[in-house]
Amino acid sequence: MIKLYNTMTRTKEDFKPLVDNQVSMYVCGPTVYNYIHIGNARSIIAFDTIRRYFEYRGYNVKFVSNFTDVDDKMINSARDQGITMPELAERYINAFKEDVRAVNVEPATLNPRATENIPEIIDFITVLIEKGYAYEAQGDVYYRARKFKKYGALSHQNINELEQGASQHVDDEETARKEDPIDFALWKATKGNEIAWDSPWGSGRPGWHIECSVMSTKYLGDTFDIHGGGEDLQFPHHENEIAQSEAKTGQTFARYWMHNGFVTVGDENEKMSKSLGNFVTVHDLVKEINPQVLRFLMSTTQYRRPIQYTQNSLQDAKNNLEKVQNAFINLNYRLKDAKGEPDYDTARKADNLEKDFVQAMDDDFNAQNGIAVVYEFARLINVYSEKDAVNAEQIKRLAKMYSKMASIFGIDLKQEENDDVEIDQLVKRRDQARADRDFETSDQLRDQLNQMGVILEDTPQGTRWRKSNE
RNA sequence: GGCGGUAUAGCCAAGUGGUAAGGCAGAGGUCUGCAAAACCUUCAUCGUCGGUUCAAAUCCGUCUACCGCCUCCA
């Protein structure tokens, strides 16, 4: 039984899906006005890891994540770059897909965009107005937050104690048009020469929160299993989504709310964010480091914990990732001389570790405990790989168990086809030199290969090589 | 001011009453022509003060520090 921490109840709950063996989940995606930074990547990776674990446990997962392709930042950024907003969206959606592929995130089942759902958004708002939950004011439409009794339930805020302006992001002109300062915009009247759609309230564009209510319920139904996002979205974004959706449908919106922790930077462990300007984009980072390392760092930290992004944490991740990969290489290398009998002690230990893994991950996706099991599995197969006699079927079985566990964390363990002719030639020459005990020549050749990013390993079964992770 | 989170070895980090998982780094060793990879050994009493208990990192209270949210944010 998978347990997960539900922000709504602030407790770990047994996960019982709406439909047996199926999980419907919606995760708030990025506003596509820039490259994603590694804080955005953290959220994406966290929920990808969760999604993969559900699949590992036999669930069929319907995973919807949106692109916010219209809002103030989109409009401003398009203007600054001298292109249209749709062009801007296209550019950064493509960049998003490229970045996300680099860190081995499974594509979402659906990636709906706000601008492709304008009629649905207008219909949704119309219903809210009809039900008295929303009102028009000078071409804007606002939601009457106070009318929704459960407002504040998710973030556990008392509506009367919300300190207005504490975040220093309120727009006074907008506040003047509202009945109540805590009301929020569903529709914003156009300010002139910006992109806009016709609506019953005049020309304008949707507010931010409404798109997620519309798209999540459109693709997953009025009630669905899991709604996720960064913990900064708890209030007001998710609170508003609940208010909008439940006011419209009268049904429970999301059944479980999951929020990931932040990536922090610097000695102050300050939150990384675009507005603070202290961000590193994935686009830039993957030019310098192996994206698998970033993936590893992010998916092996439990999703609710903060991640300190430092050179040190990256180096740790790199070392550990290599350890995990090496074990797989070491194991598969023995396939070529695997003529022995299976080892039952190893088989039994492997089965137990698989159970440990499930137990760890079932507990709110405790990745630290999960990866600890992977390390133990690595040791098990390393020890096995050094046995005099090994069995081919057993190697394949261990490799499959191991790679399945590793894949939850986005680690792709594949048999590499090392068939570079030039390298093979150099390796052969070195082997010959070693056989001749001409170690000066053999060490020279090894240095040469190292320069090419090739690491050599002499084993009892012969010399093998691999590319370094740099 | 309101709400929440965190504090465990040089670093990362598990652990919610029974006497400190795991990883990185370090040290020693095995294997190797030397390496690499791997394996083995070694390395903490849990922010402060106080309390409950036969027993607390784990429960209660206190204090301190840091982080986040309170209508831009993953």
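As a basis for the values below, the full set of heavy atoms in this structure was taken, side chains included, without hydrogen atoms, waters or symmetry mates. These figures come from a predicted structure and were not determined experimentally. In the text below, chain A, chain B and the rest are named by the order of the sequence lines, each starting its count at 1.
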*Determine whether the side chains of A/Gln315 and A/Asn319 contain a donor N or O and an acceptor N or O closer than 3.5 Å.*
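Their side chains do contain a donor-acceptor pair, which is all the 3.5 Å distance test asks for.
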Of the nucleotides [options], which one has an atom closest to the side chain of [X]?
X: A/Asp458; options: B/C34, B/A38, B/A74; result: B/C34
X: A/Asp316; options: B/A14, B/C24, B/A37; result: B/C24
X: A/Trp208; options: B/C72, B/G23, B/G68; result: B/C72
X: A/Arg10; options: B/G4, B/A74, B/A35; result: B/G4

*Hey, which sits more toward the 5' end of RNA chain B by its nearest nucleotide, A/Tyr5 or A/Thr301?*
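Here A/Tyr5 is the residue nearer the 5' end.
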*Between A/Arg430 and A/Arg464, which has a closest nucleotide on RNA chain B that is more 5'?*
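Closest to the 5' end, via its nearest nucleotide, is A/Arg430.
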*Hey, does the side chain of A/His156 reach the backbone of A/Met8 with a donor-acceptor pair shorter than 3.5 angstrom?*
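Side chain of A/His156 to backbone of A/Met8: a pair is present.
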_Measuring to OP1 and OP2 of B/A36, would you say a side-chain N or O of A/Arg466 lies under 4.0 angstrom away?_
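Answer no for this pair, as no side-chain N or O of A/Arg466 is under 4.0 Å from OP1 or OP2.
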Within the structure shown, what part of the strands sits under 4.0 Å from [X] by heavy-atom distance: base, sugar-phosphate, or nothing?
X: A/Ile329; value: nothing
X: A/Ile455; value: sugar-phosphate
X: A/Gln308; value: sugar-phosphate
X: A/Asn319; value: sugar-phosphate
X: A/Gly229; value: sugar-phosphate
X: A/Gln234; value: nothing

*So do the side chains of A/Ile307 and A/Ser313 get within less than 4.5 Å of each other, counting heavy atoms only?*
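The answer is no, as the side chains (C-beta and beyond) never meet within the 4.5 Å cut-off.
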*Can you say whether the rings of A/His237 and A/Trp208 are parallel (under 30°), tilted (30 to 60°) or perpendicular (over 60°)?*
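Rings of A/His237 and A/Trp208: parallel, as their planes differ by under 30°.
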*Of residues 345-369 of chain A, the positions that come close to RNA chain B - non-hydrogen atoms, cut-off under 4.0 Å*: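 Here the set is A/Asn366, A/Gln368, A/Asn369.
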*asked:* At a heavy-atom distance below 4.0 Å, what parts of residues 434-447 of chain A sit against RNA chain B?
replied: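 A/Arg434, A/Arg437, A/Phe439, A/Ser442, A/Asp443, A/Arg446 - these, ordered by number, are the residues of the stretch whose heavy atoms sit under 4.0 Å from the strand.
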_Quiz item: A/Asp171 side-chain donor-acceptor pair to B/C72 base, under 3.5 Å_ =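 Such a pair does not exist between side chain and base.
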_Atom-pair distance (CG on A/Asn320; P on B/A25), nearest Å_ =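 Rounding to the nearest Å, CG of A/Asn320 and P of B/A25 are 8 Å apart.
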